[in-house]
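Here is the structure we will look at, set down as structure tokens.
Ligands are counted one by one from 1 in listed order, and the atoms in each one are counted from 1 as well.
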Amino acid sequence: MFQKIYSPVQKIEINPFSNFFVKRDDLIDPYISGNKWRKLKFILERAKFEGKNHLITFGGAYSNHLVATAAAAARFGLKSSAFVRGEAVKNEMLLLCSLFGMKLIFVDRERYKNKKELFEQNFNTDQNAFFINEGGASAEAVTGCAEIIDELEETYDHVFVAAGTGTTAAGLLKAIQAKDHKTQLHVIPVLKGGEFIREEISRYTSLSTHLNLHNEFHFGGYAKTTPELISFIKKFIAETGLLIDPVYTAKMFYAIFELQNQGKISNNDKILAIHTGGLLGFFGMKDKFNSF
Ligand SMILES: *Cc1c(COP(=O)(O)O)cnc(C)c1O
């Protein structure tokens, strides 16, 4: 059903590292970007297997997952609808969703919490409706994300990934365990109180010593930034030619430099950062970058 994924590994020349590589999942697709495609792939296969052609999902007004689901649905001839958290707004992300034919249903934060109920109340008569959890979190998503590791032709000392729900990290960990790599997986939660990620990962695989959870790089919480993070982003982009987003990947790249600084990883270690995409996230943060 799906074409082969194009996600090269690229070497990045940047001080002080001599073996720094990036897995360019951001190149998979501009809209079905990065780990959102990894997470959707087997979900869409299951929808197809069950003969369902209407995807129903959930997200905030700047959700990469909503755009990815809308674009994937359009591309594979499916319908899509989404419950959007909060009062009705217009922005670039939701514009893309509606261009891809997604029907948007705004619901207040209280009602948004009960997703199964929203699904059942609104789509109980639609035989084609297929429930996809917020962010695509599911066992299928974990299987899809494990393929990131399976595609690698070499092994690395350290693999880094940003985490929102931890589903992507769970897939990576599972694949690393299956290969019995000596690879250390470093997970950077972008939310405050990231310890919950450990629990989320343990729903899908065992918590082995491969896992290193770094809870100190949230910069105040989800979608929060500091002047320090913003200047890191500008410097990193200008020096590497690689775009990173303020919500997810910037916090992960920042962590790599900081852990090197603290002597926890060495300049010569072979490092692979997973670029999980999400570059449309810039649209929610324009104001932070206007003052150049
Ligand atoms: C959604 C997203 C993540 C988080 O993935 P989880 O599986 O929820 O941990 C990381 N990076 C980017 C760019 C994302 O859009």
Side-chain angles (χ1 to χ4, degrees), residues 7 22-43 57-72 82 85 93 96-97 132-149 159-175 185-205 211 213-215 217-219 221-223 225 233 242-256 273-285:
S7 163
V22 178
K23 174 88 166 142
R24 298 289 311 272
D25 267 20
D26 57 313
L27 295 179
I28 290 175
D29 188 277
Y31 311 109
I32 320 175
S33 145
N35 68 337
K36 297 304 182 280
W37 169 244
R38 302 280 185 183
K39 292 169 87 170
L40 279 170
K41 180 179 160 189
F42 290 108
I43 294 176
T57 195
F58 306 82
Y62 279 100
S63 162
N64 292 322
H65 166 71
L66 288 193
V67 179
T69 306
R85 186 182 58 234
M93 307 287 269
L96 285 170
C97 288
I132 301 178
N133 208 345
E134 184 176 40
S138 59
E140 286 83 4
V142 171
T143 306
C145 293
E147 292 190 338
I148 298 173
I149 297 292
V159 171
F160 281 85
V161 72
T165 62
T167 312
T168 304
L172 298 177
L173 183 62
K174 207 169 170 177
L185 177 68
H186 299 268
V187 179
I188 319 297
V190 301
L191 302 88
K192 216 186 271 185
E195 201 50 36
F196 77 93
I197 296 281
R198 208 182 292 278
E199 214 180 297
E200 186 59 24
I201 291 175
S202 73
R203 295 174 54 188
Y204 301 107
T205 189
L211 175 64
L213 190 61
H214 302 281
N215 289 329
F217 298 108
H218 56 73
F219 291 87
Y222 183 76
T225 62
I233 292 171
L242 195 68
L243 275 182
I244 56 177
D245 83 291
V247 181
Y248 292 103
T249 48
K251 294 181 182 181
M252 170 197 65
F253 279 108
Y254 184 100
I256 297 173
I274 312 295
H275 195 315
T276 41
L279 295 170
L280 298 173
F282 264 108
F283 285 136
M285 301 250 166

Proximal atoms of ligand 1 relative to [X] (non-hydrogen, under 4.0 Å):
| X | result |
| --- | --- |
| G278 | 13 (C) |
| G277 | 13 (C) |
| T167 | 7 (O), 9 (O) |
| K36 | 1 (C), 2 (C), 3 (C), 14 (C), 15 (O) |

Heteroatom distance test ([X], ligand 1): nitrogen or oxygen, under 3.5 angstrom:
| X | value |
| --- | --- |
| G166 | yes |
| G164 | yes |
| T168 | yes |
| Y248 | no |
| T249 | no |

Mind checking whether K39 contacts ligand 1 via backbone (N, CA, C, O), side chain (CB onward), both or neither, at a 4.0 Å heavy-atom cut-off?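 Side chain only.
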Heavy atoms only, cut-off 4.0 Å: how does V247 contact ligand 1, side chain, backbone, both, or neither?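 For V247, there is no contact with ligand 1 at all, from either part.
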Considering residues, nucleotides and ligands other than E199, do more than 12 of their heavy atoms fall under 6.0 Å from its CD?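 Incorrect, the count does not exceed 12.
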Is there a side-chain contact (heavy atoms from CB on, under 4.5 Å) between I28 and W37 once you walk through the steps? CA-CA 8 Å; I28 290 175; W37 169 244; 3.6 Å; yes
Before accepting this row, confirm whether a basic side-chain N of the pair K39/E140 lies closer than 4.0 Å to the acidic partner's carboxylate O.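 A salt bridge is absent here (no side-chain N lies under 4.0 Å from a carboxylate O).
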Could you name the option among T276, I244, T165 that has the heavy atom nearest to atom 11 (N) of ligand 1?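 Answer by nearest heavy atom: T276.
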Knowing that exactly one of D25, T167, T168, T276 qualifies, which makes a side-chain hydrogen bond (donor to acceptor under 3.5 Å, both in side chains) with R38?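 It is D25; the other options fail the test.
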Would you call the rings of H214 and F160 parallel, tilted or perpendicular if under 30° counts as parallel and over 60° as perpendicular?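 Taking F160 first and then H214, their aromatic rings lie parallel (interplane angle under 30°).
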Residue, atom name and distance, where the atom is the protein heavy atom closest to atom 5 (O) of ligand 1: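 Ranking protein heavy atoms by distance from atom 5 (O) of ligand 1, first comes N35 ND2, 2.9 Å.
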Ring pair (Phe, Tyr, Trp, His ring centres under 6.0 Å) involving Y204 - partner list, sequence neighbours excluded: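 Checked Y204 against ring pair (Phe, Tyr, Trp, His ring centres under 6.0 Å); zero matches.
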Partner set under ring pair (Phe, Tyr, Trp, His ring centres under 6.0 Å) for F42, not counting sequence neighbours: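 For F42 there are no ring pair (Phe, Tyr, Trp, His ring centres under 6.0 Å) partners, ignoring immediate neighbours.
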E134 side chain reached by T165 side chain, heavy atoms, under 4.5 Å: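 Of all side-chain heavy-atom pairs linking E134 with T165, none is under 4.5 Å.
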Please assess L211 against I201 for the test side-chain contact (heavy atoms from CB on, under 4.5 Å), listing each intermediate value before the final yes or no. CA-CA 10 Å; L211 175 64; I201 291 175; 4.1 Å; yes
